[in-house]
Number of protein chains: 2
Amino acid sequence: MAVTMADVARRAGTSVAVVSYVVNGGPRPVAARTRERVLAAAAELGYRRNRVAAALRSGSSGLVGVVLPDAANPYFAALGRALEAALSRSGRLTVVATTGYDAERQAEAVERILAAQPDGLVVASADGADDPAPAAADAGVPVVAVHHRPEGARAVLVAADDRAGVHAALEHLRGHGHERIAFLAGPADDGPVAERMRAWRESPAAGELLRCGYARGSAARLTAGLAARGELPRALLAATDEQAVGVLAAAAAAGVAVPERLAVAACDGTPDAAFTVPSLTAVEQPFEEVAERAVAVLLGGEEPRERPCGRLIPRRSCGCPEPGFADVLEG
Amino acid sequence: MAVTMADVARRAGTSVAVVSYVVNGGPRPVAARTRERVLAAAAELGYRRNRVAAALRSGSSGLVGVVLPDAANPYFAALGRALEAALSRSGRLTVVATTGYDAERQAEAVERILAAQPDGLVVASADGADDPAPAAADAGVPVVAVHHRPEGARAVLVAADDRAGVHAALEHLRGHGHERIAFLAGPADDGPVAERMRAWRESPAAGELLRCGYARGSAARLTAGLAARGELPRALLAATDEQAVGVLAAAAAAGVAVPERLAVAACDGTPDAAFTVPSLTAVEQPFEEVAERAVAVLLGGEEPRERPCGRLIPRRSCGCPEPGFADVLEG
DNA sequence: CTGAAAGCGCTTACAG
DNA sequence: CTGAAAGCGCTTACAG
C-alpha cells in the first residue's frame with residue numbers, strides 16, 4: 001500500500017505530528033536534525049502526501065473547478081488555458097467540466113464539482129443558464145463568473161470591457177471607407193455578445209443585424225446562404241472569432257474576396273486570428289489578465305477592479321496589409 | 001457549516017449507516033419507508049455528499065488526471081474534450097494539467113495530480129518526457145498513455161494507427177498527379193509524428209523532409225522562408241493540422257495558390273480542418289474512439305485492442321473540389 | 001522542540 | 001432491515 005506519514009514517522013523515529021510539520025513547513029518549528037531524519041525517511045520510502053486526507057482534515061482540497069461551455073472552442077480554450085496556468089501558479093489543481101452551452105448540463109457540472117469540495121469555482125456561463133452562486137454559497141465555495149454572468153446573478157464577474165474595442169473596430173472599418181457595417185450576433189441577446197451588439201448599435205455605421213449559432217459551421221452556412229442570394233454586406237463585425245472563421249471559410253468557398261468584397265473583423269482576438277486566411281482583424285481579449293484577476297478574486301478575496309480592455313489588432317481581413325509572421329509568437 | 005450525513009440521520013431518525021446506504025444505493029438494502037424519510041431529510045437540509053470524505057474512506061476519489069502538452073492546440077483540445085466527455089459519462093471528474101511540451105513540467109504535473117489520489121491518469125506525453133508509469137505505479141494509480149508513449153515506457157498506449165491514413169493521403173496526392181511529396185515533421189523524431197514520417201518514407205513519392213516546431217507560427221515562418229527563396233515543394237503532407245494551418249496562412253500571405261501551386265494535406269484531422277482556407281484535406285483522428293478506449297482501459301481494466309484507424313477526408317487543399325458546408329456538424 | 005490524541009465525514013464489516 | 005463503531009491519513013490544538 002501507499003506510504004503514510006505513520007510509516008515515515010516510524011522510520012525517522014519520531015511522531016506523525018513532526019512529520020506533518022516538516023512536510024508542510026509548519027505550523028510548528030522542528031529541529032534541524034529531526035527535519036533531516038524525516039526528509040531522509042520520506043525520500044527512502046518514497047512518501048507522497050495524501051491530499052485527500054489533508055483536504056478532509058484541513059478543509060482545503062487544493063482543487064478549483066472551471067466550468068466552460070466548450071473547451072474546444074478557441075476562445076474558451078484560451079481562457080481555460082490561462083485559468084489553468086494561473087491556478088497552477090497558486091498551487092491549485094484545475095477540475096474542468098464542459099457544458100455544451102446547455103443550462104441543465106451546466107447545473108449538473110456545478111453540482112458534481114461542488115461535491116469534490118473545491119476551494120473555488122470559476123464559471124463561464126452558457127446563455128440562459130442558472131446563476132451558480134446560490135449552489136456554491138450553499139456549499140461554502142467562493143465563485144466567480146468569467147466572460148458572462150447570467151441575468152440577475154449574484155456571482156462576482158471578472159470580464160473584459162469590450163465596448164472600447166468594438167468602437168475601435170468600427171472606427172477602423174470606417175477608416176477603410178465602410179459606412180454600413182453589419183454585426184453578426186449569437187442566437188440570443190445575452191452576456192458579452194449582447195454588450196458588443198449594444199456598442200455596435202451606438203455607431204452611426206451600424207448596418208444590418210445578422211444572427212447565427214456560436215459555431216463556425218453555423219456561421220459558414222449563414223454566409224454561404226447570403227452569398228448565394230447576393231445579400232452579403234460589404235463589411236461585417238463578428239461577435240466571436242469562431243463565427244468569423246466560419247464567415248471566412250464560406251466566403252472563400254463562394255469566391256467572395258476578403259477584404260475587397262467583404263471586410264471582416266471580430267471581437268474575440270484568440271491566438272487563431274493571426275493564422276486565418278486572410279488573417280483576422282480582431283479585438284484581442286486580455287485572457288491572461290482576466291484569468292489572473294479571476295483567481296485573485298476567488299482565492300485572495302480581492303475586489304474586482306475596473307474591467308481590463310481588449311486592444312484592436314488590425315490584420316488583413318479589414319483591408320490592412322498582411323502583417324506577416326515575423327513577430328508572431330510560438331505556441 | 002455544511003450539512004453532513006449525521007445531520008440527515010438525526011432529522012430522519014436513523015443512523016449515518018442507513019443514510020449512506022440510501023445515498024449510495026447500497027451496499028445494504030433499506031426499507032422503502034426509511035429510504036423516503038432519508039431522502040426527504042436530505043432534500044430539506046440541502047445535503048450534498050462530501051466526496052473528499054468518501055474518497056478517504058473508500059479509496060476512490062472520483063478524479064481522473066489528464067495531462068496534455070497544450071490544451072489550446074486544437075488537436076489536444078479535441079482529445080481533451082473527448083476524454084472529459086468519456087470520463088464524465090463514467091461519473092468521473094477531470095483534473096487537467098498542461099505541460100507546454102516541457103518534460104520537467106510534465107513530471108511536476110504528474111506528481112501534483114498523483115497527490116490528489118486520482119482513480120487514474122491519462123497522459124499525452126511531450127516529446128522527450130519521462131515515462132509517467134513508475135510514479136503512477138508507486139502511487140497505486142493506473143495510467144494510460146494516449147497519442148504518444150515515451151521511448152521504452154511501460155505505460156499502456158491507446159492511440160490511433162496512422163500508417164494506413166498516411167498511405168491513403170499520399171496515394172490521394174499521387175492521384176492528383178504529385179510524384180514528389182514533402183513531409184513536414186516536428187523538431188525531433190518521436191511519437192506519432194515519427195510513425196507518420198516512417199510511413200511517408202515507405203512511399204515511392206517521398207520527397208523532401210522539412211522540420212519545424214509544433215506551432216502554427218513556426219510552420220508559417222518556415223513556409224514564408226521557403227516561398228521567399230523559391231524552394232517550396234509542389235505537394236506537402238504536414239504531420240499535424242496545427243502546422244498545416246501555419247503553412248496555409250503563410251502561403252496565402254505570400255500569394256502562393258493552394259492547391260494549384262502547393263497541395264497540402266495533414267494527419268491530425270481536427271474539427272478545424274473543415275474551416276481553413278482552403279479547407280484542409282486530412283486524416284481524421286478517431287478522437288472519441290481513442291478517448292472511450294482509454295477510459296475503458298483505465299477504469300475497466302480492459303486490454304487495449306487493435307488500434308483504431310484514422311480516415312482520409314479529402315477537401316480542397318489537395319486539389320479536390322471544395323466540399324461546402326451543408327454536412328458540417330455544429331460545434 | 002516533540003508527541004499522544006481528537007476528529008474531519010464518510011464507508012463498511014459486524015452484531016443485532 | 002438497522003445501528004454502533006472502527007478507521008481511512010491527515011492537521012492541529014494541547015500537554016509536556
Side-chain angles (χ1 to χ4, degrees), chain A residues 1-39 41-42 45-63 114-119 138-141, chain B residues 1-39 41-42 45-63 114-119 138-141:
Chain A
M1 277 319 303
V3 179
T4 70
M5 279 190 175
D7 299 322
V8 176
R10 203 172 306 118
R11 177 122 182 177
T14 182
S15 69
V16 291
V18 168
V19 174
S20 173
Y21 300 152
V22 171
V23 167
N24 298 305
R28 298 271 82 107
V30 174
R33 308 229 1 210
T34 315
R35 145 177 278 99
E36 270 163 39
R37 284 210 318 281
V38 168
L39 258 17
L45 297 171
Y47 174 71
R48 193 174 261 124
R49 180 156 164 266
N50 183 332
R51 286 239 40 169
V52 167
L56 177 59
R57 180 54 229 235
S58 72
S60 167
S61 65
L63 260 28
L114 287 176
Q117 314 294 117
D119 294 344
D138 226 56
V141 172
Chain B
M1 277 314 305
V3 180
T4 69
M5 278 191 176
D7 299 323
V8 176
R10 203 172 306 117
R11 177 119 182 181
T14 183
S15 68
V16 291
V18 167
V19 173
S20 173
Y21 300 153
V22 170
V23 168
N24 298 305
R28 299 270 80 107
V30 174
R33 308 230 359 213
T34 315
R35 143 174 280 101
E36 270 163 39
R37 283 210 318 281
V38 168
L39 258 17
L45 297 170
Y47 173 70
R48 193 173 262 122
R49 179 156 163 266
N50 182 332
R51 285 241 38 171
V52 166
L56 178 58
R57 179 56 229 234
S58 71
S60 166
S61 65
L63 259 31
L114 287 177
Q117 314 294 118
D119 294 344
D138 227 55
V141 173

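Letters A, B, ... are given to chains in the order of the sequence lines, protein chains preceding strands, and every chain is numbered from 1. Treat the numbers as computed from the prediction; the structure is a model and nothing was measured.
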J.: Identify whether any heavy atom of B:Ala54 sits under 4.0 Å from a base atom; if not, whether one sits that close to sugar-phosphate; answer base, sugar-phosphate or nothing.
T.: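 Result for B:Ala54 = sugar-phosphate.
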
J.: Of all the nucleotides listed (C:dA5, C:dT2, C:dT12), which has the minimum atom distance to the side chain of A:Val18?
T.: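 Comparing C:dA5, C:dT2, C:dT12 against the side chain of A:Val18, the answer is C:dT2.
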
J.: Rounded at 0.5 Å granularity, tell me how far OG1 in A:Thr4 sits from CZ in A:Arg48.
T.: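 Going from the OG1 atom of A:Thr4 to the CZ atom of A:Arg48 covers 14.0 Å.
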
J.: Consider the side chain of A:Thr14, meaning its heavy atoms from C-beta on, and name the nucleotide among D:dG3, D:dC10, C:dG3 that approaches it most closely.
T.: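 Comparing D:dG3, D:dC10, C:dG3 against the side chain of A:Thr14, the answer is C:dG3.
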
J.: Categorize B:Ala31 for me: base, sugar-phosphate, or nothing, with a 4.0 angstrom heavy-atom threshold over every strand shown.
T.: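 Contact class for B:Ala31: sugar-phosphate only.
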
J.: Both B:Pro27 and B:Asn50 contact DNA chain C. Which one's nearest nucleotide lies toward the 5' end?
T.: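 Checking each residue's closest nucleotide, the 5'-ward one belongs to B:Asn50.
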
J.: Where each residue is assigned the nucleotide of DNA chain D containing its nearest heavy atom, which of A:Val16 and B:Ser58 is assigned the position nearer the 5′ end?
T.: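 Nearest-nucleotide comparison on DNA chain D picks B:Ser58.
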
J.: In terms of the nearest nucleotide of DNA chain D, which residue is placed more toward the 5' end: B:Pro29 or B:Arg57?
T.: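 Result: B:Pro29.
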
J.: How far, in whole Å, is D:dT12 from D:dG16 if one measures between their C1' atoms?
T.: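 The same atom, C1', in both gives a distance of 16 Å.
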
J.: For A:Thr4, which contact category applies under a 4.0 Å heavy-atom criterion: base, sugar-phosphate, or nothing?
T.: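 Sugar-phosphate contact only - A:Thr4 comes under 4.0 Å of backbone atoms but never of a base.
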
J.: Can you name the nearest heavy-atom pair linking A:Ala55 to A:Ser61, along with the distance?
T.: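 Looks like CB-CA, 3.5 Å.
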
J.: Is B:Arg49 near enough to C:dT11 that one of its side-chain N or O atoms lies under 4.0 angstrom from OP1 or OP2?
T.: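 Answer is yes, contact under 4.0 Å.
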
J.: Within the structure provided, determine whether A:Arg49 and A:Asn24 are in side-chain contact (heavy-atom separation under 4.5 Å).
T.: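 Sidechains of A:Asn24 and A:Arg49: in contact.
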
J.: Of the nucleotides D:dC10, D:dC1, C:dC10, which one has an atom closest to the side chain of B:Tyr47?
T.: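 Of D:dC10, D:dC1, C:dC10, C:dC10 is nearest to the side chain of B:Tyr47.
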
J.: Distance from B:Leu114 atom CG to B:Asp138 atom CG, nearest 0.5 Å?
T.: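 Taking CG in B:Leu114 and CG in B:Asp138, the distance rounds to 9.0 Å.
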
